[in-house]
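Presented below is the structure to which this report refers.
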Amino acid sequence: MIRELHEKLEKEEVTKEELFEEAKTLAEKYQEEFNSFVTILDEAKSKRRADSILKGIPYALKDNISTSGILTTASSNILKDYVPVYDATVYQKLKKSGAVLLGKTTLDELAMGGTGTTANTGVVRNPWNREHLIGGSSAGSASAVALGIVPFAIGSDTGDSIRKPASFGGVVGFKPTYGRISRYGLFAFASSLDHVGVFARSVEDVAIVTDIIKGEDSKDMTSLEDDGKVYAEEIKKDTTGKKLFYIKEICDIEEYPNKTEKLEKTLKEFQDLLEKCREQGFVVEEVSFDKKLLEAIYPTYMTISCAEATSNNANLTGIQFGPRGNGENIEEMMFQARTEGFSELIKRRFVLGSYILQKENQEKLYLNACRIRRLIVEKMNELLKEYDGMILPASGGGAPKFSESSEQVSDSHYILENHMVIGNFGGFPSITIPYCFDEEKMPVGVNITGRVMEDDVVLNIAYKIETLTGLKGIKAGEENV
């Protein structure tokens, strides 16, 4: 935990060099088995003098965040040799705080995927059981924290790419309000949905890191002015009387015709958690949400994200970036570079995006998806006028095995596995914390999503619920079940 490490550094019980070497040793020890990192640095880069709680503490950074002079590949062959000449704002702020970068973490290629299986360096395995996936796209950041290599890591979240791996990895994953953390230097996937966020093993650690990296940035016109709140203090406020809602159509087992034992156990454990919340002074109520809108979440997300991704990545041609293709003209060179530089999943998404953006399809596909997005956000805002937050299981159970995984979500878990995208549609602050284990002893997370700009309230609620789960600070490999 960050406070404990800070105290040890202050008392000179350990040095930052020793912490870095310990983290590096662990990273190298686990790398072949779990593939958490694209790059592990040889030495601590931070030489800054700083008066910060993060001073001297090692961390990991997702490899789609720009780091000057350090390989930044987005786990794609087309960027396998790319070394940026500028720093992302989040990296600059962490350097200024004195935090020490250990390495760059593996992700689904270009952050487009939810399995952690499409990186050009191979799959990322789940530290709780290597036969299971960790989820994506921020797979390496989640696994590095779950393994205890680093106390915190930075990721990005476009659909649930921090919060779903956090659930599968038994760690805390926080996506703040859209713009709360600058996206300057983050490789754009879908700009209206992209967020930078934090993994750690406790809500307090997530709050501590967010306090350091939040705030307005002149290089990112979507960034928000700092709210002036110290989240690490706000989380300890009394939560008595806070009102939470959960969605009947997601949490009623009878809504799932193909229900499984895993799903039944997850939903039962969830109801048990809600009872504990009520006993601690929360008001928790069931609400109904138009099922047609819930069923539209995933196709709406895919339509908007593929369209924006196609536009954002049009520069990856092999001319400006990536290995240059062979051909007699520019078109042939680009064709070969993009054919060989991207995986099949990425090519499918770009084809979809190009089709969606064709003039004759924009009204029927892209603009209709934007209208549905607006309806979902309006419904969510309507509920948040009465409630302080939404609480739901982050998934229908623990991480699936690789043999069970698919980009295509099964009908039985379709709505449950995709509801966290609502947080991206509306830019709502949203956090996942571990709350139980499934029958295979894999962790399962619960998600809390709240009002825009009320990051402190969401963190405060999560901090209190964390005390009810008994799973604060769990780490893969320890006897927690």
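- Inspection of the Tyr387 and Arg451 side chains reveals no N or O donor paired with an N or O acceptor under 3.5 Å.
- Under a cut-off of 6.0 angstrom, the local environment of CD in Glu32 is sparse, with at most 12 non-hydrogen atoms contributed by other residues, nucleotides or ligands.
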Next item on the list: Applying ring pair (Phe, Tyr, Trp, His ring centres under 6.0 Å), run through His132 and Phe168 and close with a yes or a no.
Entry: CA-CA 9 Å; His132 293 245; Phe168 289 163; 9.3 Å; no

Note to self: Phe437 vs Trp128, test: ring pair (Phe, Tyr, Trp, His ring centres under 6.0 Å). Steps then yes/no.
What the structure shows: CA-CA 11 Å; Phe437 289 87; Trp128 293 89; 5.5 Å; yes

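- Remark: the Ser223 side chain and the Arg183 side chain contain no N/O donor-acceptor pair separated by less than 3.5 Å.
- Taking CG of Leu102 as the reference point, atom CG of Leu19 lies at 11.0 Å (rounded to 0.5 Å).
- Gly197 and Ile181 make their closest contact through CA-CD1, 4.4 Å (heavy atoms, listed as atom of the first residue, atom of the second, distance).
- Around NZ of Lys243, the count of heavy atoms belonging to other residues, nucleotides or ligands within 6.0 Å exceeds 12.
- Using modelled atom types, one finds a donor on one side chain and an acceptor on the other under 3.5 Å when comparing Asn312 with Ser191.
- Remark: Asn315 CG is packed, more than 12 non-hydrogen atoms of other residues, nucleotides or ligands lying under 6.0 Å away.
- A salt bridge links Glu234 to Lys237: one of the charged nitrogens lies within less than 4.0 Å of a carboxylate oxygen.
- The two residues Ser161 and Ser137 make their nearest non-hydrogen contact at OG-N, 3.1 Å.
- Closest heavy-atom contact between Gln31 and Ser36: OE1-N, 3.4 Å.
- There is a side-chain donor-acceptor pair under 3.5 Å between Ser182 and Asp217.
- A heavy-atom distance below 4.5 Å is found between the side chains of Phe189 and Ser305.
- Between the side chains of Thr72 and Lys104, at least one donor-acceptor pair of N or O atoms lies under 3.5 Å.
- In this structure the side chain of Lys242 never reaches within 4.5 angstrom of the side chain of Lys464, judged on heavy atoms.
- At a cut-off of 3.5 Å, with distance as the only test, a side-chain donor of Arg163 or Asn424 sits close to an acceptor on the other residue.
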Next item on the list: May I have the step-by-step check of side chain to side chain donor-acceptor pair (under 3.5 Å) for Ser167 and Thr432, ending in yes or no?
Entry: CA-CA 6 Å; Ser167 177; Thr432 294; over 6 Å; no

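- Between Thr89 and Asp220, the side chains place no donor N or O within less than 3.5 Å of an acceptor N or O (distance only, hydrogens not considered).
- Residues Thr467 and Lys472 have side chains that never bring a donor and an acceptor to within less than 3.5 angstrom of each other.
- Annotation for Val145 and Val171: closest pair CG1-CG1, 3.8 Å, computed over non-hydrogen atoms.
- Aromatic ring orientation, Tyr82 versus Phe187: tilted (interplanar angle from 30° to 60°).
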Notebook entry, point to check: Passes side chain to side chain donor-acceptor pair (under 3.5 Å), Ser141 versus Thr105? Steps please.
Noted result: CA-CA 6 Å; Ser141 291; Thr105 57; 2.8 Å; yes

Check: How far apart are the C-alpha atoms of Glu275 and Arg278, what are their side-chain angles, what is the distance that settles it, and do they pass the salt bridge (Lys or Arg N to Asp or Glu O under 4.0 Å) test?
Finding: CA-CA 5 Å; Glu275 279 305 309; Arg278 293 183 179 106; 2.6 Å; yes

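- Across all non-hydrogen atoms, the minimal contact from Thr117 to Thr115 is OG1-OG1, 2.6 Å.
- Residues Gly122 and Thr106 approach most closely at O-CG2, 4.5 Å, considering heavy atoms.
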Notebook entry, point to check: After noting the C-alpha distance and the side-chain angles of Phe199 and Phe152, does the key distance pass the ring pair (Phe, Tyr, Trp, His ring centres under 6.0 Å) rule?
Noted result: CA-CA 5 Å; Phe199 291 94; Phe152 75 93; over 10 Å; no

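- The distance from the CD1 atom of Ile2 to the CG atom of Asp205 is 4.0 Å, given to the nearest 0.5 Å.
- Between Thr210 and Phe174 the shortest side-chain heavy-atom distance falls below 4.5 Å.
- In this structure, Lys229 and Glu454 have side chains that are not in contact, with every pair of non-hydrogen atoms separated by 4.5 Å or more.
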Check: side-chain contact (heavy atoms from CB on, under 4.5 Å) between Glu466 and Ser202: does it pass, once the steps are laid out?
Finding: CA-CA 8 Å; Glu466 182 181 54; Ser202 72; 3.8 Å; yes

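- Between the side chains of Ser192 and Glu308, at least one donor N or O lies within less than 3.5 Å of an accepting N or O.
- For the 3.5 Å distance criterion, the side chains of Thr317 and Gln320 qualify, holding a donor opposite an acceptor.
- Between the CG atom of Leu79 and the CG atom of Leu71 there is a distance of 9.5 Å, given to the nearest 0.5 Å.
- With no hydrogens or angles considered, a side-chain donor-acceptor pair links Lys62 and Ser138 at under 3.5 Å.
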Notebook entry, point to check: So Tyr86 and Tyr184, ring pair (Phe, Tyr, Trp, His ring centres under 6.0 Å) or not? Walk me through it.
Noted result: CA-CA 10 Å; Tyr86 73 102; Tyr184 177 75; 5.4 Å; yes

Notebook entry, point to check: Run the salt bridge (Lys or Arg N to Asp or Glu O under 4.0 Å) check on Glu33 and Arg130 step by step: do they pass?
Noted result: CA-CA 8 Å; Glu33 187 173 6; Arg130 64 189 309 277; 3.4 Å; yes

Margin query: Walk me through whether Thr449 and Asn447 qualify under side chain to side chain donor-acceptor pair (under 3.5 Å).
Written below: CA-CA 7 Å; Thr449 299; Asn447 180 257; 2.9 Å; yes

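- Distance check: Asn64 CG to Leu61 CG gives 8.5 Å after rounding to the nearest 0.5 Å.
- Side-chain contact, Ser343 with Glu109: a donor N or O sits under 3.5 Å from an acceptor N or O.
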Next item on the list: Show the numbers, then the answer: is there a salt bridge (Lys or Arg N to Asp or Glu O under 4.0 Å) between Lys24 and Glu43?
Entry: CA-CA 9 Å; Lys24 181 185 173 187; Glu43 60 179 350; over 6 Å; no

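- For Glu225, the CD atom counts as loosely surrounded, since its 6.0 Å shell holds 12 or fewer non-hydrogen atoms of other residues, nucleotides or ligands.
- Lys80 and Thr121 share no donor-acceptor pair across their side chains, judged by distance under 3.5 Å alone.
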Next item on the list: Give the C-alpha distance, both sets of side-chain angles, the deciding distance and a yes or no for side chain to side chain donor-acceptor pair (under 3.5 Å) between Ser76 and Asn120.
Entry: CA-CA 5 Å; Ser76 177; Asn120 63 337; over 6 Å; no

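- Looking only at side-chain heavy atoms (C-beta outward), Tyr178 and Met453 stay at 4.5 Å or farther from each other.
- Considering only heavy atoms from C-beta on, Ile465 comes within 4.5 Å of Ile391 through its side chain.
- Atom CD of Glu13 is surrounded by more than 12 heavy atoms from other residues, nucleotides or ligands within 6.0 Å.
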Next item on the list: Output, in order, the C-alpha distance, side-chain angles, deciding distance and verdict of salt bridge (Lys or Arg N to Asp or Glu O under 4.0 Å) for Asp227 and Lys214.
Entry: CA-CA 9 Å; Asp227 56 9; Lys214 67 186 174 81; 2.9 Å; yes

